[in-house]
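Below is one structure; the comments refer to it alone.
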Amino acid sequence: MNQVKQIYKVLLKKYGPQGWWPLLDVKGTNPTKTGSIQGYHPNDYSYPKTKLQQWEIIVGALLTQNTSWPQVEKSLINLKKQNLLNYKITNNDLEKIKECIKPSGYFNQKSERLISLAQWYQELKHTPTRDELLSQKGIGPETADSILLYAFKELQFVIDSYTKRIMKNLELIPNDAKYDEVKNLFESNFEKDFKLFQEYHALLVEHAKNYYTKKKSDSLLNVILK
DNA sequence: TTCCAGGCAATAC
DNA sequence: GTATTGCATGGA
């Protein structure tokens, strides 16, 4: 078995299925998550079930940029209470949206980007291509892949800073590895199944949350893999 | 007080 | 093409 598959196996055994992407109105639970909404749905890959849930994932993907998820949850709940967690928002809602999403930071940028994204999403009549997503302001490679993988169930592996950190620490990628290079490593050494892609990315995040910061790195995986 | 969080875009070199 | 900087809140 290659190392990409081995890491997945180890993480799944350690943490169990993560139930991503979390959704406000989903009842599923994940006991490994603390202080969070109960929106995780382990072993259920059927979400999103509605266009509104799909939009909620897009909003969460944008808001979580360089921001911790609990802060995003607060923003999502604020938006929901103000009836602004939908894709019919307009510039008239700008100030209210800013107030709602303050907990997740960069609220001036993110509020404008949310509104322009909503306009784009409302007119969307098909699954967007990766390039279409990347052409939207506020959507870079990670956000595009998160949206494609979790909102549209497309086969795109998500690479975030945690994933790079783990792979560098294991010396499976060079220090200056580019996004597409890391992505290709996973996509060409792992089963091509969107459910497994969803699970693997979530597991990498969960593991890194527990063992990594920008400065610290873990030894658990290193020991197992060597 | 300092560091950090599920990045991105604009600018500088 | 690569490196740097601004964006912002709140928890540890």
Side-chain angles (χ1 to χ4, degrees), chain A residues 7 11 15 17-24 30 32-37 39-41 47 56-79 94-117 120 130-151 156-169 174-183 186 197-218:
Chain A
I7 295 168
L11 294 178
Y15 299 107
Q18 295 299 299
W20 276 37
W21 189 278
L23 289 160
L24 291 181
N30 185 330
T32 69
K33 300 287 190 299
T34 55
S36 74
I37 56 171
Y40 296 89
H41 41 87
Y47 294 99
E56 183 183 325
I57 293 172
I58 294 171
V59 175
L62 187 88
L63 294 183
T64 198
Q65 291 168 358
N66 209 35
T67 304
S68 67
W69 185 256
Q71 298 297 103
V72 177
E73 288 180 347
K74 291 175 193 166
S75 296
L76 291 174
I77 290 166
N78 290 341
L79 287 169
L94 182 59
E95 293 308 316
K96 280 195 287 182
I97 290 172
K98 282 186 183 180
E99 283 306 308
C100 289
I101 70 172
K102 266 190 180 172
S104 41
Y106 308 133
F107 59 87
N108 289 308
Q109 292 183 349
K110 286 176 176 175
S111 55
E112 292 193 354
R113 290 169 183 181
L114 264 189
I115 290 168
S116 69
L117 256 190
W120 166 81
R130 194 166 186 272
D131 283 341
E132 279 179 301
L133 278 164
L134 290 173
S135 72
Q136 297 303 309
K137 193 155 288 186
I139 298 188
E142 186 197 335
T143 308
D145 288 334
S146 289
I147 290 170
L148 287 169
L149 181 61
Y150 290 101
Q156 303 284 345
F157 206 96
V158 180
I159 305 301
D160 64 341
S161 59
Y162 283 147
T163 305
K164 279 188 184 171
R165 221 172 280 169
I166 291 170
M167 299 307 272
K168 281 179 194 174
N169 185 239
N175 276 327
D176 60 350
K178 299 287 180 355
Y179 186 96
D180 288 340
E181 182 182 348
V182 186
K183 178 171 166 158
F186 282 93
F197 276 28
Q198 290 187 348
E199 200 61 73
Y200 201 166
H201 171 65
L203 284 165
L204 286 164
V205 172
E206 179 62 22
H207 179 61
K209 276 181 179 171
N210 291 330
Y211 290 94
Y212 284 73
T213 69
K214 277 186 177 174
K215 294 280 180 185
K216 292 180 190 171
S217 60
D218 142 73

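Letters go in sequence order (proteins before strands), and every chain restarts at 1. Just so you know, these numbers come straight off a predicted model, no measurement behind them.
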Flag the pair A:Y47 / A:I57 as yes when at least one side-chain heavy-atom distance between them is below 4.5 Å, and no otherwise.
-> no

Could you tell me whether a side-chain N or O of A:S146 sits under 3.5 Å from a main-chain N or O of A:A144, the two making a donor and an acceptor?
-> no

Within-4.5 Å side-chain heavy-atom neighbours: A:S68 and A:K209 = no

Taking the same atom, P, in C:dG11 and in B:dC8, what whole-Å distance lies between them?
-> 24 Å

A:L134 CG - B:dG7 C1' separation (whole Å) = 13 Å

Pick the C1' atom in B:dA5 and in C:dA3, then give their distance to the nearest Å.
-> 22 Å

How far, in whole Å, is C:dA8 from B:dT11 if one measures between their P atoms?
-> 15 Å

Rounded to the nearest angstrom, tell me the gap between atom CG in A:L133 and atom P in B:dA9.
-> 12 Å

Produce a footprint string for nucleotides 2-12 of chain C: one letter per nucleotide, 5' end first; B if the base is under 4.0 Å from any protein heavy atom, S if only the sugar-phosphate is, - if neither.
-> S----BBSSS-

Please examine the side chains of A:Q198 and A:W20, heavy atoms only from C-beta on, and report whether any two atoms are closer than 4.5 Å.
-> no

Sorted by number, residues from residues 136-146 of chain A placing a heavy atom under 4.0 Å from DNA chain C are none

Sub-6.0 Å ring centroid separation between A:F186 and A:F197 | no

Taking A:T64 for its side chain and A:A61 for its backbone only, find out whether a donor-acceptor pair lies under 3.5 Å.
-> no

Kindly check if the number of other-residue, nucleotide or ligand heavy atoms within 6.0 Å of NZ (A:K137) is above 12?
-> no

For A:F107, is the NZ or CZ atom of A:K102 found under 6.0 angstrom from the centre of its six-membered ring and inside 45 degrees of the ring axis?
-> yes

Should A:S161 be listed as having a side-chain N or O under 4.0 Å from OP1 or OP2 of B:dG7?
-> yes

